[in-house]
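Note sheet for the following structure.
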Amino acid sequence: MPVAVVTGASSGIGKAAAIRLAREGFSVSLSGRKEDALKETADECIKAGLKQDQVVLNVGDLTDFDAAKKLIENTLAKLNTIDTLINSAGILTNGEVNSTDIEVYDKQMDVNVRSVIYLTKLALPHIIKSKGNVVNVSSIAGPCPFPGVTYYSISKAALDQFTKCLALEMAPHGVRVNSVNPGVIVTDIHKRAGMGDKDYEAFLEKCKSTHALGRAGDVDEVSEAILFLATSRSSFTTGELLRVDGGRGIMFPR
Ligand SMILES: NC(=O)c1ccc[n+]([C@@H]2O[C@H](COP(=O)([O-])OP(=O)(O)OC[C@H]3O[C@@H](n4cnc5c(N)ncnc54)[C@H](OP(=O)(O)O)[C@@H]3O)[C@@H](O)[C@H]2O)c1
């Protein structure tokens, strides 16, 4: 049975990916900070067909390197191997460079880039053994610039270059490295970044015109793309930034 480590598994895209992979027969090692939410994801994975001992919970903040080490050690102790690492944990910070403290940049990069690189480094020796793969959850804000989320966009552009460079480094080992780059997906991330209920409603309404397909996306649409990249269905694909963005990234004013 293949084993997936999924970060950000307590919410949104990571949660949906964990459940989708569980349904596909992966054992899952789930990472998040909120224990109750992580337990809910575990229950859903069991409902999707896994046995209790095929689901491992890891509570911790991944900017704390000890938590990252424990995540990998605990996964290996309980599930023996790692076939795929899904790096979905991430945060969104808002604000123009002009008026946003540099500490916000530090925090943004710490969560979305530094901790991802560190965890991936820890997982790679095991992924090389299994000839597995890595799937990073980036954003359409990686390849495309948007004002007001510059630090976030920089973090995702860095993650995209990490995906491509690491794909080249890992190819000789038979390990593939790819990302999904979603457009706006309905999750908690925007409200966590400070958006109120009314503004969020207006934001989703605006998505009808900012996304070519006329709407925001759904976590299940992203998890299908993650499943594709995490399995041999994409056996000849590496270094790919797969847009799951309803055409947002190909829109230009006319
Ligand atoms: N939703 C979108 O519109 C969208 C679009 C493009 C890309 N993305 C990307 O998709 C990924 C998932 O976002 P989402 O929309 O699913 O957001 P979400 O619902 O807010 O989930 C974020 C997840 O990341 C975890 N997390 C955050 N900081 C962490 C830390 N320091 N250590 C460990 N875990 C941490 C959270 O854990 P806890 O909840 O347990 O704290 C949660 O499980 C992010 O990388 C985001 O940039 C999202």
Side-chain angles (χ1 to χ4, degrees), residues 5-20 28-42 44 57-71 85-94 106-120 134-144 146 149 151-160 162-163 179-195 200 203-204 206-207 210-211 215-223 225-226 241-246 248-249:
V5 173
V6 185
T7 74
S10 47
S11 182
I13 293 169
K15 177 177 182 176
I19 297 165
R20 184 67 189 90
V28 290
S29 188
L30 309 173
S31 158
R33 290 173 301 186
K34 293 193 188 119
E35 190 166 7
D36 287 354
L38 212 51
K39 280 185 181 155
E40 272 177 35
T41 306
E44 294 283 328
L57 298 191
N58 307 274
V59 180
D61 186 322
L62 290 175
T63 60
D64 167 6
F65 285 175
D66 283 342
K69 281 184 199 149
K70 275 189 201 145
L71 166 57
L85 169 63
I86 315 296
N87 284 312
S88 190
I91 55 166
L92 166 69
T93 57
N94 288 300
D106 291 338
K107 174 79 184 159
Q108 182 69 82
M109 296 298 279
D110 196 15
V111 178
N112 286 18
V113 185
R114 193 168 188 265
S115 70
V116 173
I117 294 173
Y118 187 72
L119 181 67
T120 305
V134 178
V135 183
N136 292 322
V137 180
S138 180
S139 167
I140 194 58
C144 301
F146 300 103
V149 283
Y151 299 158
Y152 178 74
S153 299
I154 291 171
S155 77
K156 293 305 188 181
L159 186 63
D160 289 346
F162 178 57
T163 297
S179 75
V180 288
N181 291 58
V184 173
I185 306 297
V186 179
T187 69
D188 292 344
I189 200 167
H190 298 96
K191 288 189 184 170
R192 282 183 178 199
M195 214 182 257
Y200 188 60
F203 177 66
L204 290 183
K206 199 174 165 213
C207 287
T210 55
H211 293 65
R215 62 177 174 85
D218 173 280
V219 289
D220 293 332
E221 294 175 299
V222 186
S223 63
I226 292 173
L241 314 180
L242 177 54
R243 294 181 182 193
V244 188
D245 71 338
R248 185 174 197 192

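Just so you know, ligand 1 is whichever comes first in the structure, and atom 1 is the first atom listed for that ligand. None of the values given here were measured: they were computed from a predicted structure. When reading the values below, keep in mind they use all heavy atoms of this one structure, side chains included, and skip hydrogens, waters and symmetry mates.
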Polar side chain donor-acceptor pair, [X] to [Y], under 3.5 angstrom:
X      : Y      : result
Ser115 : Asp110 : no
Asn181 : Ser139 : no
Ser155 : Asn112 : yes

Any protein N/O atoms within less than 3.5 Å of an N/O atom in ligand 1? List the atom names and distances, or say none.
residue	atom	partner	partner atom	Å
ligand 1	1 (N)	Ile185	O	3.0
ligand 1	1 (N)	Thr187	OG1	3.1
ligand 1	3 (O)	Ile185	N	2.8
ligand 1	3 (O)	Ile185	O	3.2
ligand 1	15 (O)	Thr187	OG1	2.6
ligand 1	16 (O)	Ile13	N	2.8
ligand 1	19 (O)	Ser11	OG	2.6
ligand 1	24 (O)	Gly90	N	3.4
ligand 1	28 (N)	Arg33	NH2	3.3
ligand 1	31 (N)	Asp61	OD1	2.9
ligand 1	32 (N)	Leu62	N	2.9
ligand 1	37 (O)	Ser10	OG	3.2
ligand 1	39 (O)	Ser10	OG	3.4
ligand 1	39 (O)	Arg192	NH1	3.3
ligand 1	39 (O)	Arg192	NH2	2.6
ligand 1	40 (O)	Ser10	OG	2.6
ligand 1	40 (O)	Arg33	N	2.8
ligand 1	40 (O)	Lys34	N	2.8
ligand 1	41 (O)	Arg33	NE	2.8
ligand 1	41 (O)	Arg33	NH2	2.9
ligand 1	43 (O)	Gly8	O	3.2
ligand 1	43 (O)	Ser10	OG	2.8
ligand 1	45 (O)	Ser88	O	3.1
ligand 1	45 (O)	Lys156	NZ	2.9
ligand 1	47 (O)	Tyr152	OH	2.6
ligand 1	47 (O)	Lys156	NZ	3.1

Aromatic Phe146 / basic Arg248 pairing, under 6.0 angstrom, 45° off normal: yes

Minimum-distance pair of heavy atoms, taken over all atoms of Asp160 and Ser138: OD1-OG, 2.7 Å

Lys206, NZ atom: more than 12 neighbouring heavy atoms under 6.0 Å: no

